[in-house]
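Structure, as structure tokens:
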Protein chains: 2
Amino acid sequence: MSTIRDVARVAGVSPATVSRVVNGLTGFSEQTRQRVEEAASRLGYEPDTLARGLKTRQSPVLGVLAPVVSDALASQIMGGIEAAARARGYSVMLGRTGPHAVHAPGYLRNFRAFRVAGVILISTVVTAEIRRALGDRIPFTAVAIRDGSRFPSLAIDDDLAAYDGTRFLQRLGHDTIGLITGDTESVLVNTPRMCGYQRAMAEAGLAPIVAYGDSLYDSAPPAVRTLMTEHPDITAIFALSDEMAAGAVNELQRLGYRVPAQVSVLGFDNTPTAQHVHPALTTVTQPLYHMGELAVEQLLSSIRPQPHILPHTITHRGSIADRRPQAVPAPPSP
Amino acid sequence: MSTIRDVARVAGVSPATVSRVVNGLTGFSEQTRQRVEEAASRLGYEPDTLARGLKTRQSPVLGVLAPVVSDALASQIMGGIEAAARARGYSVMLGRTGPHAVHAPGYLRNFRAFRVAGVILISTVVTAEIRRALGDRIPFTAVAIRDGSRFPSLAIDDDLAAYDGTRFLQRLGHDTIGLITGDTESVLVNTPRMCGYQRAMAEAGLAPIVAYGDSLYDSAPPAVRTLMTEHPDITAIFALSDEMAAGAVNELQRLGYRVPAQVSVLGFDNTPTAQHVHPALTTVTQPLYHMGELAVEQLLSSIRPQPHILPHTITHRGSIADRRPQAVPAPPSP
DNA sequence: TTGTAAGCGTTATCAT
DNA sequence: ATGATAACGCTTACAA
């Protein structure tokens, strides 16, 4: 591997000049530029990122932490992060916080030792310990989570999204709507989502019906059985994750219900899982990929980072039935 | 951030001694060790990875490249990589090769500029161009792919795995078995898998029935329709990816077939997708997580890396029916 | 057992 | 427009 000195020698200039050319600064003649660039490409010169980082006290790396590496939701966000980082010449270093975020402080110290340019925390609460491990030099942002603090974050309004999802179901004529929530203790977003559901039900004068899962597929079938046994008149189930919604669809069909004809199912997040069941899930959608892109931009463009709310939408597929009485054709306008 | 000199000053020793203590070398008294460690922890000293790497010409990082960041199969492998890397004090840098691996050379040069300790290529063919971008200093290994070359790799025997999957179906009494393959051009593993299937069929004196998909969910329904229209007597479908198998299960049910009673479905890979349909997929299983762990060990333990074949298994869930005539109860032993 | 000093490859300051 | 030169924070001979 050739160094900047090798290039300098071949081009007949000083290392400083090579540096200027390579970094696109000013202060060299067109002729010099050409000589340097030719020498550089002839030698296959590639600046040493480590040496550069040592000198500039920063390396072109973004640290990313997620609870589980192989999680579908985190993976989507990662996709956006990778694309945006790559476009700006940054690399991505990946870590997993693990249960109760036990590995987070270690990874964070690691990131700091690498002098990363920024840190992205996916679905991870910024605890005091994390804040400390982060130090106060590295910009960071939390994604897909909002803890009410004033730390920078990028997320949807989970309360409103669940409210809108519930209202959507109500407007289509559903009034007995069961909710399957995830663990509200370990997964922070479930709390506001439950609130949104309950508010929508209360406003409509309907009784909330809640069953508990753990956000994963396998927790849905038992929840569905409980729901359908205790409330046989349920016409729609709102699951607070796509995995649980998928489990609900499959379990309902196994029990002999037709989906959506007899029971509709609404998912949450819009991960690829939503398309892996039949009928495919209509689901409350988070702009996951976009969140990843934005997180990178926010970190890198020194826009003062702060809590930021992104719009949610509802993605329509086949798991919801319209139960309204047949609409009367609009009368001709007067 | 304090440096090694700060620690040295506080501990009343030289930077060299601090370095020795911090790196667990020999050549210092117990008393010195204590003083240094106390000073280090009091100052919250963390060695600068960049400076260290510049000096040692190596950084504690593993570069990982996958075709798509958010791919389920790659994610599972990534899980194993992260765990093993973390256990050995290494970080993971992630990149995406993109269509036709266009981004691979760039990422590889990047990894080299970082002086990574090794590179893992997930589901990526080691082309001459990639080989070149890699240089000949960095150890690397390909995972979940085998291209017949002598480059180091970690994969199952795809041919044999598909053969075994087909034989498994045959032993359960299936003889009209349709195959849904993925793109054999862009996804290398599909070719040996198809061969394995065809060999098993030929050996059993059965006619192969092949439909073409692209490895993704949406390509399965049309393939299923073709298969069932042209061969209504099919009793089993072998899909060369879990996503396609999931799509097949759902489409079969939509068409009114009972799975597995009327038509069985066998998947491939055993990604989480296999558990997201009902009935859950019986599937030919690759030890994905383990492959990730092994890749790291192979790279880091200077065991001479070479092509390595891992055992595949069949994971039994509910998507396959036993069509053998009822077995006669074993007679009482004489 | 401990310290001194020379780099690792780069950037940035200051001359020229 | 260009070149010397001094760091950046660490490891590692080589001395002592």
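The distance between atom CG of Asp48(B) and atom P of dG9(C), rounded to the nearest whole Å, is 17 Å. The nearest whole Å value for the distance from the CG atom in Leu25(B) to the P atom in dC10(D) is 15 Å. We find that CG of Leu43(A) is positioned 14 Å from P of dG9(C), with the value rounded to whole Å. In this structure, the CZ atom of Arg35(B) is 12 Å from the C1' atom of dT1(C), given to the nearest Å. The CZ atom of Arg52(A) sits 16 Å away from the C1' atom of dC8(C) (whole-angstrom rounding). As rounded to whole Å, 16 Å separates atom P of dT11(C) from atom CZ of Arg115(A). Distance Asn23(A) CG to dT10(C) C1': 9 Å, rounded to the nearest Å. Rounded to whole Å, the distance from CG on Leu54(A) to C1' on dT11(D) is 13 Å.
Comparing atom distances between the Ser19(B) side chain and each of dG9(D), dT12(D), dT2(C) picks out dT12(D) as nearest. When distances run from any side-chain atom of Ile4(A) to the nucleotides dT11(D), dT11(C), dG3(D), the shortest one goes to dT11(C). Comparing atom distances between the Ser29(A) side chain and each of dT10(C), dG3(C), dT2(D) picks out dT2(D) as nearest. The side chain of Thr3(A) lies closest to dT10(C) when the candidates are dC10(D), dG3(D), dT10(C). Proximity note for Thr56(B) (side chain, C-beta onward) versus dT10(C), dT11(D), dG9(D): the nearest is dT11(D).
Between Thr49(B) and Arg20(B), the residue anchored nearer the 5' end of DNA chain D, judged by the nucleotide with its closest heavy atom, is Thr49(B). If you find the closest nucleotide of DNA chain C to Gln31(B) and to Glu46(A), the one lying nearer the 5' end belongs to Gln31(B). Judged by closest nucleotide on DNA chain D, Arg5(A) is the one of Lys55(B) and Arg5(A) placed further toward the 5' end.
The minimum heavy-atom distance linking Glu129(A) with Pro105(A) is given by the pair OE2-CG, 3.5 Å.
When only modelled atom types and interatomic distance are considered, Asp48(A) and Thr3(A) share no side-chain donor-acceptor pair under 3.5 Å.
Enclosure of atom CG in Asp136(A) is not indicated, since only 12 or fewer non-hydrogen atoms of other residues, nucleotides or ligands lie within 6.0 angstrom.
Between Arg57(A) and dG9(D) there is a side-chain N or O to OP1 or OP2 distance below 4.0 Å.
Rounding to the nearest 0.5 Å places CG of Leu154(A) at 12.5 Å from CD1 of Ile145(A). Between Glu37(B) atom CD and Arg42(B) atom CZ the span is 14.0 Å, to the nearest 0.5 Å.
Nucleic acid contact for Thr32(B): sugar-phosphate only, since backbone atoms but no base atoms lie under 4.0 Å from a heavy atom of the residue.
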